[in-house]
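Each remark here refers to the structure printed beneath this line.
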Amino acid sequence: MAIKSKKPLYKVSSQLEKGFQGHITYTTILPDDLSRLKVTFSFDKLHAEQDIEELQAGCREALMKNLEEETELLECMASAVYHLPKSEINVSLFLNDVCVGSAHRNQLTKEIWISEEESSLGFNNCRPAGVFSIVLHVLNILNDDTACILTVEGVERVCL
């Protein structure tokens with residue numbers, strides 16, 4: 001009879017500062033005895049904490065630098081860009097240098113499961129083994145001291 005038990009594999013936390021954009025990659029080797037893998041990523045500040053008018057002025061200034069002055073849609077675009085500003089961090093997972101999926105969800109917490117039988121929406125079913133990489137796609141951080149936590153847990157089979 002097989003019993004499944006959780007196995008903590010990895011936990012890291014960090015602070016991102018306002019204006020940060022880029023990709024952060026974590027890579028590790030997974031143990032061979034896993035039947036499922038759970039990845040949880042969360043951050044704590046989705047919406048801007050600063051004055052919205054200040055943020056909108058910054059958005060307008062950036063648009064003016066990047067668009068031709070005669071653009072008729074400037075007002076429409078400006079309104080869309082700064083209507084609902086948010087921080088955005090997406091997650092992609094790779095096994096042995098092959099992308100097994102990405103989570104592009106507007107959520108503070110993303111919980112992802114990978115297994116041969118069933119995986120989270122947007123992720124391929126696969127055996128969690130080998131070189132495992134997690135890429136955080138940081139598109140925009142609106143607030144200083146935005147806390148992030150990444151945890152990886154395996155579910156192993158233990159035979160009795």
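Worth saying up front: this structure is predicted, and the values here are computed from it rather than measured.
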Is the backbone N or O of T151 less than 3.5 Å from a side-chain atom of T40, with the two atoms forming a donor-acceptor pair by type? no
Side chain to side chain donor-acceptor pair (under 3.5 Å) pairs touching residues 129-140, sequence neighbours excluded, are H23-H137, T27-S133, S92-H137
Go through the steps to decide whether L150 and I134 satisfy the test side-chain contact (heavy atoms from CB on, under 4.5 Å), and finish with yes or no. CA-CA 9 Å; L150 173 67; I134 301 162; 3.8 Å; yes
Heavy atoms of K38 and W113 approach each other most closely as CD-CZ2, 3.4 Å
Distance in Å, F41 CZ paired with I24 CD1, rounded so as to fall on 0.5 Å steps: 7.5 Å
R127 side chain to D32 main-chain N or O, any donor-acceptor pair under 3.5 Å? yes
Is there a side-chain contact between F132 and L9 (heavy atoms, below 4.5 Å)? no
Within a 6.0 Å radius of atom CD on E17, are there more than 12 heavy atoms belonging to other residues, nucleotides or ligands? yes
Between F43 and F20, is there shared hydrophobic-cluster membership here, with clusters defined by ILVMFWY side-chain heavy atoms closer than 4.5 Å? yes
If I take atom NZ from residue K45 and atom CD from residue Q15, how far apart are they, to the nearest 0.5 angstrom? 7.0 Å
When every non-hydrogen atom of C126 is compared with those of L95, the smallest separation belongs to SG-CD1, 3.5 Å
Step by step, work out the side-chain contact (heavy atoms from CB on, under 4.5 Å) result for L136 and Y26. CA-CA 9 Å; L136 305 178; Y26 298 96; 3.9 Å; yes
Look at the side-chain heavy atoms of Ile, Leu, Val, Met, Phe, Trp and Tyr, link any pair under 4.5 Å apart, and say whether V98 and I112 land in one connected group. no
Consider only side-chain heavy atoms of I, L, V, M, F, W and Y, link residues closer than 4.5 Å, and tell whether V131 and V100 are in one cluster. no
How close do N125 and E116 get, counting heavy atoms only, and between which atoms? CB-O, 3.3 Å
Which pair of heavy atoms, one from N124 and one from C99, lies closest together, and at what distance? ND2-O, 4.0 Å
Please check if the side chain of S35 supplies one atom and the backbone of V155 the other of a donor-acceptor pair under 3.5 Å. yes
Please report the shortest heavy-atom distance between S115 and E118, naming the atom on each side. OG-O, 2.6 Å
Output yes when a side-chain donor or acceptor of T109 lies under 3.5 Å from a complementary backbone atom of S42, and no otherwise. no
Show your reasoning for whether side-chain contact (heavy atoms from CB on, under 4.5 Å) applies to K11 and I149. CA-CA 7 Å; K11 183 174 184 176; I149 299 174; 4.1 Å; yes
Main-chain N/O of I89 paired with K110 side-chain donor or acceptor, under 3.5 Å: yes
Please walk me through it: do C148 and L16 pass side-chain contact (heavy atoms from CB on, under 4.5 Å)? CA-CA 8 Å; C148 303; L16 297 176; 3.6 Å; yes
Same cluster (ILVMFWY, side-chain, under 4.5 Å), F94 and V39: no
Hey, quick one: are V135 and I114 part of the same hydrophobic cluster, counting side-chain heavy atoms closer than 4.5 Å, chains of contacts allowed? no
Specify the closest pair of heavy atoms between K7 and L34, including all atoms of both residues, with the distance to one decimal. CD-CD2, 4.3 Å
Counting distance only, does the side-chain N/O of D44 pair as donor-acceptor with the main-chain N or O of T146 below 3.5 Å? no
